[in-house]
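Side chains included, hydrogens not; waters and symmetry mates left out as well; all remaining heavy atoms used.
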Amino acid sequence: MGKKSKRRTKSTNKAEANASSVNPTSANATSEAPAIEETTGKSATSIPKNAPESKENDPAITVTSTSVPPQSVPGVPASLLPQAVEVNLHLFNLSQQNLVKALCSIPTNQAHIFSSWSEPATTDDAKRKLVEQLERIDKAYPSGLVGYIKNARDLLEKSQKGVNPLEGWKPEVPQGENFEIGTEEFDDFEKVGLQEMGKCGFVLVAGGLGERLGYGGIKLGLPIELATEMTYLQYYIETILAIQNRYANPGVKLPLCIMVSNDTNTGTIQLLEENDYFGMDRDQFVIVQQGDGVPALKDNSANIAMDKKNPSMIEAKPHGHGDIHALLYSNNVALNWCKKRLEWVIFFQDTNGLAFHTLPLALGVSKRRDLIMNSIAVPRKGKQAIGGIAKLVNKDGEERTINVEYNQLDPLLRASGFPDGDVDDPKTGHSPFPGNINQLLFKLKPYAEALLRTKGAMPEFVNPKYADESKTAFKKPTRLECMMQDFPNILSGDAAKHVGFTSIASELCFSPVKNATEDGVALQMNGTAPGVAATGEADQYAAIRKIMRSIGCIVEDAAEETFNGISVIPGPEIVVRPSFAVCPAEYKCRFPEPSKIKISKRSSLVISGNVVIESLDLDGALVIECEEGASGTISGLVVNNKGWEKIAENSNDSPEYVRIRGYKIKKEETKEIVFKKDGSVSGYTPHVSFEQVPVLPTISTSPDTPKSKKYEDDNNLASPSLKQALAIDSDISHERNLNLHEPRTPEAAVKQAECCVIS
């Protein structure tokens, strides 16, 4: 158990115990309309009592001229504007003028952001750029910049007062399932989930660059491992295509939505185009883009901070990956997927190569337990520094199953009648509150209904770093944030009871690559998973070895080695391409006699395509490839050669993805076998005819009967709002080709809500 606990990683969530939250739709102020209207909404804690109802968008005013004379706005007398602002209003259209006035007005009080306009050095071009930046952010935030400031002041006041966002909620053990691979229970749930695999849409949250890792490109372009140098994006796409080919109904294409940022948009598109989309049809892609972020705030009054590098612009910071829900709403992604009769939405992140091993297992749990939201989780030790999934219940009987940060969970338990706090269950050796890793599964129709009701806006939190105990000044500007795993907070009534988890050892489902090597060294010394490229690669190989052993294959482990201060088990390097297998159930079909599979500790094995391996004794390096349309069987094969070796490499002449690992693979000798679709085979003499080659079993599409009462009949029932939305043809992909280089952004979606389908 001790070894496993070291592999746990800290949650990426930053909310602390003093961080309250509101829903950004609670202040529905519009900045584009001639009249600045601000409706007062109840500020919500991190567990809102009722999810907000969506409101129709206010009509936008279209002004073609960029030189409109200043016009008065009710409630914002022009005479109260700073003179430098008033004399420059003619530079902007009416909508922009109204935004500037709204920001200067009481109680928003943000006139300071225009103070440089009184300086002769500030050009008209700089003024226009500032207002354009403000306009983009205003349109992207559900209640506009006026609403953002209002929400921020509310949250900052609560934070300064030390308000507990979980006050009034009592923690209980959440519903879910805990698994170990190789058990009958694991196999049973996985079998149920396999029937659902061909009904999924996939959402890849990929807004990050690799700079923190010492890698100059986007993280999706980083090779998962050096044996094949396959990138994360290629691996994900190949996995989705393999699922589609084996489990979807004929003619059904499983879609992939990628959330990019301003930083990763160009690199993501370039990577796709240069590699012909890795075999996926262009019309399967949906690209949604986060905007400029949200304003940084310099004090408890929520005054917007200016950019130190460019004082004529405001400082903007990321709003958080919770924006993905609003983007799926504003771009009609969820609605369009409902029309395609998909049933599940799978969320995963950019550098976790283990994300799909347990997908059918989790789908099986969602199906049997009738879950609207299911979090793939990992066992955690009591008080371990990773967020725990807990069910919270209040005095009114309302419940929420959500991620609770570890520094909130222990005191919450102690205050709720659990004197020992967050401790391990003696029966399992782990906390009853499993660790959150932000791999999420949603039932599509209830998910789409929630987006229609809330516009996808997630509750926000603030986490200022105070300069001292008085909490009157910040060490650096803060901002409001939101997280995608907080989705249960917008569910209410019976729907809130259909949230649970699927827990499995982290070595099978979670090994993110997110840290620089020097940071990883310090983490590893403290017993925490380092999360660097070298461990990400080692864990990729280790997961395959664990799956193979679970079905009875004989696979040794290499001795531990250290590169750049990071200790890893370097092999055997086993790469299983998705065209060969994507989950443990498929391994059983590919290795029908597992006891006859022997792989030594110094070996390397790469397998792709429709091949079955009946018996193999490997001591060296072997690459088996089945071309598309071909199939083959390996039987009685013995390989003994010099193989491959990892050697230290830190030369500046090496690629970045090699330097950040501290090693390269020297391929001394390799046996290669290729099954070609013309029927020929190179490197091996088959022992059976091609007609006798077994293939993966056809998965029945008959529905599994859930053990619990169904929340809804997915094929027939939907809320009136969803039925109405589905009756409107929002999928415009047949009308025109959308420019791949202009992915949908939240501000663009305000003008014309449509789905960015690459076609």
Checking [X] side chain against [Y] main chain: does a donor-acceptor pair fall under 3.5 Å?
X	Y	answer
Glu274	Leu271	no
Ser375	Ala377	no
Asp188	Glu184	no
Thr562	Gly565	no
Thr351	Val513	yes
Asn374	Thr502	yes
Tyr236	Gln349	yes
Thr264	Ala206	yes
Asn641	Gly643	yes
Asp617	Ile597	no

Approximate separation, where rounding is to 0.5 Å, of [X] [atom1] and [Y] [atom2]:
X	Y	atom1	atom2	value
Ser366	Ile346	OG	CD1	7.5 Å
Ser506	Asp539	OG	CG	8.0 Å
His357	Asn352	NE2	CG	9.0 Å
Glu229	Tyr657	CD	OH	3.5 Å
Ile634	Ser615	CD1	OG	9.0 Å
Ile237	Phe202	CD1	CZ	12.0 Å

In terms of side-chain geometry, is the basic nitrogen of [X] or [Y] positioned less than 4.0 Å from the acidic oxygen of its partner?
X	Y	answer
Glu556	Arg545	no
Arg577	Glu238	yes
Lys514	Asp350	no
Lys642	Glu668	no
Lys443	Asp370	yes

So, [X] and [Y]: side-chain donor and acceptor under 3.5 Å apart, yes or no?
X	Y	answer
Tyr663	Glu537	yes
Arg661	Asn564	no
Trp644	Glu573	no
Gln234	Asn275	no

Between Asp557 and Arg549, does the salt bridge (charged side-chain N to carboxylate O under 4.0 Å, His left out) criterion hold? Intermediate values first, please. CA-CA 11 Å; Asp557 275 342; Arg549 290 192 193 108; 2.6 Å; yes

Which is it for Asp619 and Lys598 under the salt bridge (charged side-chain N to carboxylate O under 4.0 Å, His left out) test, yes or no, and what are the steps along the way? CA-CA 9 Å; Asp619 184 35; Lys598 299 179 181 180; over 6 Å; no

Please lay out, stage by stage, how Val611 and Phe580 fare under the test side-chain contact (heavy atoms from CB on, under 4.5 Å). CA-CA 7 Å; Val611 61; Phe580 178 79; 3.6 Å; yes

Tell me which one of Leu354, Ile547, Val378 satisfies side-chain contact (heavy atoms from CB on, under 4.5 Å) with Leu508.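 Among Leu354, Ile547, Val378, the one that satisfies the side-chain contact (heavy atoms from CB on, under 4.5 Å) with Leu508 is Ile547.
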
Is there a side-chain contact (heavy atoms from CB on, under 4.5 Å) between Ile599 and Ile554 once you walk through the steps? CA-CA 6 Å; Ile599 301 175; Ile554 302 170; over 6 Å; no

Ring centres under 6.0 angstrom apart ([X], [Y]):
X	Y	result
Phe285	Tyr277	yes
Phe356	Tyr235	no
Tyr232	Phe348	no

Crowding at [atom1], [X] (>12 non-hydrogen neighbours, <6.0 Å):
X	atom1	result
Glu628	CD	no
Lys664	NZ	no
Lys667	NZ	yes

If you look at every heavy atom in [X] and [Y], which pair is closest and at what distance?
X	Y	value
Pro594	Ile551	CG-O, 3.0 Å
Asn650	Gly662	OD1-CA, 3.7 Å
Gln485	His321	OE1-CE1, 3.2 Å

Can Leu363 and Val192 be said to form a side-chain contact (heavy atoms from CB on, under 4.5 Å), step by step? CA-CA 8 Å; Leu363 282 168; Val192 174; over 6 Å; no

Could you check Glu185 against Asn178 for side-chain contact (heavy atoms from CB on, under 4.5 Å), going step by step and ending with a plain yes or no? CA-CA 10 Å; Glu185 185 182 30; Asn178 299 280; over 6 Å; no

Using the six-membered ring wherever Trp is involved, compare the ring planes of Phe179 and Phe189 and label them parallel, tilted or perpendicular (cut-offs 30° and 60°).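 Perpendicular, since the angle between the ring planes exceeds 60°.
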
